[in-house]
*Asks:* 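Below is one structure. I have some questions about it.
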Amino acid sequence: MEFTIGIGSPFSLEYTLESGQAFRWQNKGGWWYGIVSGGVLKVKQEGDTLRCVSSSDLIDSAFVRRYFRLDVELEKVLSSIMKDDTIALAVQKFYGLRLIRQERWECLASFLLATNSNIPRIKKMVQAVCARFGEPLQFEGTEYRAFPKPEVLAEATVSDLRACGLGYRAPFLKHVAASVEEGRVDFSELSLLDYEEAREALVEELRGEKLLLGVGPKVADCVLLYSFDKDEAFPIDIWIARQVVRSYPKLLDPGMILKLAPKRRVKIGRGDYDRISSIVRSYFGPYAGYAQQYLFMLARSGGS
DNA sequence: GTCCAACCTGTATC
DNA sequence: AGATACAGGTTGG
């Protein structure tokens, strides 16, 4: 199925797909290829139109608009987070970067794998899991693999998962897949909660046992921001922590600065995570997550 | 509540 | 060359 979409609001497909929020998009010959909703989609931006070709009728213009959140008036979001020169620079540098709306299960599983790793490796892990366990999809004479369903990963053996290069994350993935498959986590219910409640629910313990092993505050924030429309979520990783210390020392107390000082290996404990999170969320407001995404890009591009 | 070592593995750096 | 550090954190003590 082929179609084009008029954008009519700032959008940069490239910044959006290169900002580390999704791990499976690939640029080949000027087109971006992704696997979404059980099909293949290729997209190319030409000015303010989006040319799309998809393998399935389910992936239509409404789906693509929804996936890239083209309904969001980015200008309004940006003006609401423009609190200072640093964020203004980031916004100017990566103008058109948007948060996308990913599929929830894939998003949860992907960011579970992202712990203590780096983007190239995360991509490799996700790719390996899809290659080994995903349903094959044909598109333009090439085979692609869907992201495997929870029930498939729940029944995989830990050693087969380990063989995908997951390391200690292998048992976590199996456990989380089982929790989702057995309905111990219900995405629709979660989506009805507000941000704070949903985050609690994701990292929660039930009768002394963790519901989602491997899901801490950082992973929970990523999942809520990228697949649950919780725009105030502000995932804090090592890059963001350093950028906040660098550009917003006044927001933090001296003890915190010392603890996160560059050079030292930064390890953010649960208490510090929550403190920093609450400070930056009240500073940037309801769209703090957008600020986080722009600051993340700024940090990775060398910062300022 | 807090701190801390341990955790898989790929890649960079010395 | 072989060791060490570090990466989009989390767990269990």
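The basis for the numbers below is simple: all heavy atoms, side chains too, and nothing from hydrogens, waters or symmetry mates.
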*Asks:* Grab the CD1-C1' distance between A:I119 and C:dC6 for me, whole Å please.
*Replies:*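 Spelled out: CD1 on A:I119 to C1' on C:dC6 is 15 Å.
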*Asks:* When the distance from CD1 of A:I268 to C1' of C:dT11 is rounded to whole Å, what number comes out?
*Replies:* 17 Å
*Asks:* Can you tell me how far P of C:dG8 sits from OH of A:Y273, to the nearest Å?
*Replies:* 15 Å
*Asks:* Does A:K218 pair with A:D221 as a salt bridge, N-O distance under 4.0 Å?
*Replies:* no
*Asks:* Does this structure show an ion pair linking A:D84 with A:K250, if we count only N-O contacts that are shorter than 4.0 Å?
*Replies:* no
*Asks:* Any side-chain N or O of A:K210 under 4.0 Å from OP1/OP2 of C:dT11?
*Replies:*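 Yes, such a contact exists.
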*Asks:* Parallel, tilted or perpendicular: which one describes the rings of A:F139 and A:Y33, with boundaries at 30° and 60°?
*Replies:* perpendicular
*Asks:* Can you tell me the pairing partner of C:dG8 across any strand shown, Watson-Crick or G-U wobble, with both distances under 3.5 angstrom?
*Replies:*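 With both distances under 3.5 Å required, C:dG8 matches none.
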*Asks:* Starting from the 5' end of DNA chain C, give me the residue, A:L212 or A:Y226, whose nearest nucleotide shows up first.
*Replies:* A:Y226
*Asks:* Tell me which residues in residues 98-115 of chain A put a heavy atom below 4.0 Å from DNA chain C, sorted by number, or none.
*Replies:*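 Contacts with DNA chain C under 4.0 Å: A:A114, A:T115.
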*Asks:* Roughly how far apart, to the nearest Å, are C:dA5 and B:dA5 at atom P?
*Replies:* 13 Å
*Asks:* What nucleic acid atoms does A:F296 come within less than 4.0 Å of, heavy atoms only: base, sugar-phosphate, or nothing?
*Replies:*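 The answer is base, as A:F296 lies within the cut-off (heavy atoms under 4.0 Å) of a base atom.
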*Asks:* If you check every side-chain atom of A:V219, which of C:dT10, B:dC8, C:dG8 has the closest atom?
*Replies:* C:dT10
*Asks:* Across the strands shown, which category fits A:Q292 at heavy-atom distances under 4.0 angstrom: base, sugar-phosphate, nothing?
*Replies:* base
*Asks:* Check this for me, if you would: do A:R199 and A:D274 make a salt bridge, where the nitrogen-to-carboxylate-oxygen distance has to be below 4.0 angstrom?
*Replies:* yes
*Asks:* What is the distance, to the nearest angstrom, from the CD1 atom on A:I240 to the C1' atom on C:dA7?
*Replies:* 16 Å
*Asks:* Given the side-chain rings of A:F234 and A:Y283, with only the six-membered ring counted for Trp, is the space between their centroids under 6.0 Å?
*Replies:* no
*Asks:* Students often mix this up, so state it plainly: with edges at 30° and 60°, are the rings of A:Y290 and A:Y287 parallel, tilted or perpendicular?
*Replies:* perpendicular
*Asks:* Which listed nucleotide (B:dT2, C:dG8, B:dG10) is nearest to the side chain of A:K124?
*Replies:*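 Comparing B:dT2, C:dG8, B:dG10 against the side chain of A:K124, the answer is B:dG10.
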*Asks:* For the side chain of A:P217, counting heavy atoms from C-beta on, which of C:dG8, C:dT11, C:dT10 is nearest?
*Replies:*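 Given the options C:dG8, C:dT11, C:dT10, the side chain of A:P217 is closest to C:dT10.
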*Asks:* Just how far, in rounded Å, is C1' of C:dG8 from CG of A:L298?
*Replies:*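 Result: 16 Å.
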*Asks:* Expressed as a whole number of angstroms, how long is the span from A:I122:CD1 to C:dG9:C1'?
*Replies:* 11 Å
*Asks:* Name the nucleic acid region contacted by A:R270, choosing base, sugar-phosphate or nothing; use a 4.0 angstrom heavy-atom cut-off, strictly under.
*Replies:* nothing
*Asks:* Starting at the 5' end of DNA chain C, which residue's closest nucleotide do you reach first, A:N118 or A:F172?
*Replies:*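 Nearer the 5' end of the strand: A:N118.
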*Asks:* When you check the phosphate oxygens OP1 and OP2 of B:dG10, does a side-chain N or O of A:R169 lie under 4.0 Å from one of them?
*Replies:* no
*Asks:* Return the nearest nucleotide to the side chain of A:N116; candidates are C:dT11, B:dT2, C:dG9.
*Replies:*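 The answer is C:dG9.
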*Asks:* What distance, rounded to whole Å, do you find between the two C1' atoms, one in C:dG8 and one in B:dT2?
*Replies:*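 Between the two C1' atoms, the distance is 24 Å.
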*Asks:* Compute the centroid of each ring, for A:F23 and then for A:F111, and state whether the two points are separated by less than 6.0 Å.
*Replies:*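 Yes; A:F111 has its ring centre under 6.0 Å from that of A:F23.
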*Asks:* A:F234 CZ to C:dG8 P: how many Å, rounded?
*Replies:*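 Atom CZ in A:F234 sits about 16 Å away from atom P in C:dG8.
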*Asks:* Whole angstroms only, please: what is the CZ-P distance between A:F23 and C:dG8?
*Replies:* 10 Å
*Asks:* Under the 3.5 Å rule, do the base of C:dC6 and the side chain of A:R121 count as making a donor-acceptor pair?
*Replies:* no
*Asks:* Reckon A:G214 touches a base, only the sugar-phosphate, or nothing at all at heavy-atom distances under 4.0 Å?
*Replies:* sugar-phosphate
*Asks:* With a non-hydrogen cut-off below 4.0 angstrom, is A:Q21 in contact with a base, only sugar-phosphate, or nothing?
*Replies:*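 If one applies the 4.0 Å heavy-atom cut-off, A:Q21 turns out to touch a base.
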*Asks:* Roughly how far apart, to the nearest Å, are B:dC8 and C:dG13 at atom P?
*Replies:* 15 Å
*Asks:* Between A:E143 and A:R145, does any side-chain N to carboxylate O distance fall below 4.0 Å?
*Replies:* yes
*Asks:* Check the surroundings of atom CD in A:Q26: do more than 12 heavy atoms from other residues, nucleotides or ligands lie under 6.0 Å from it?
*Replies:*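 No.
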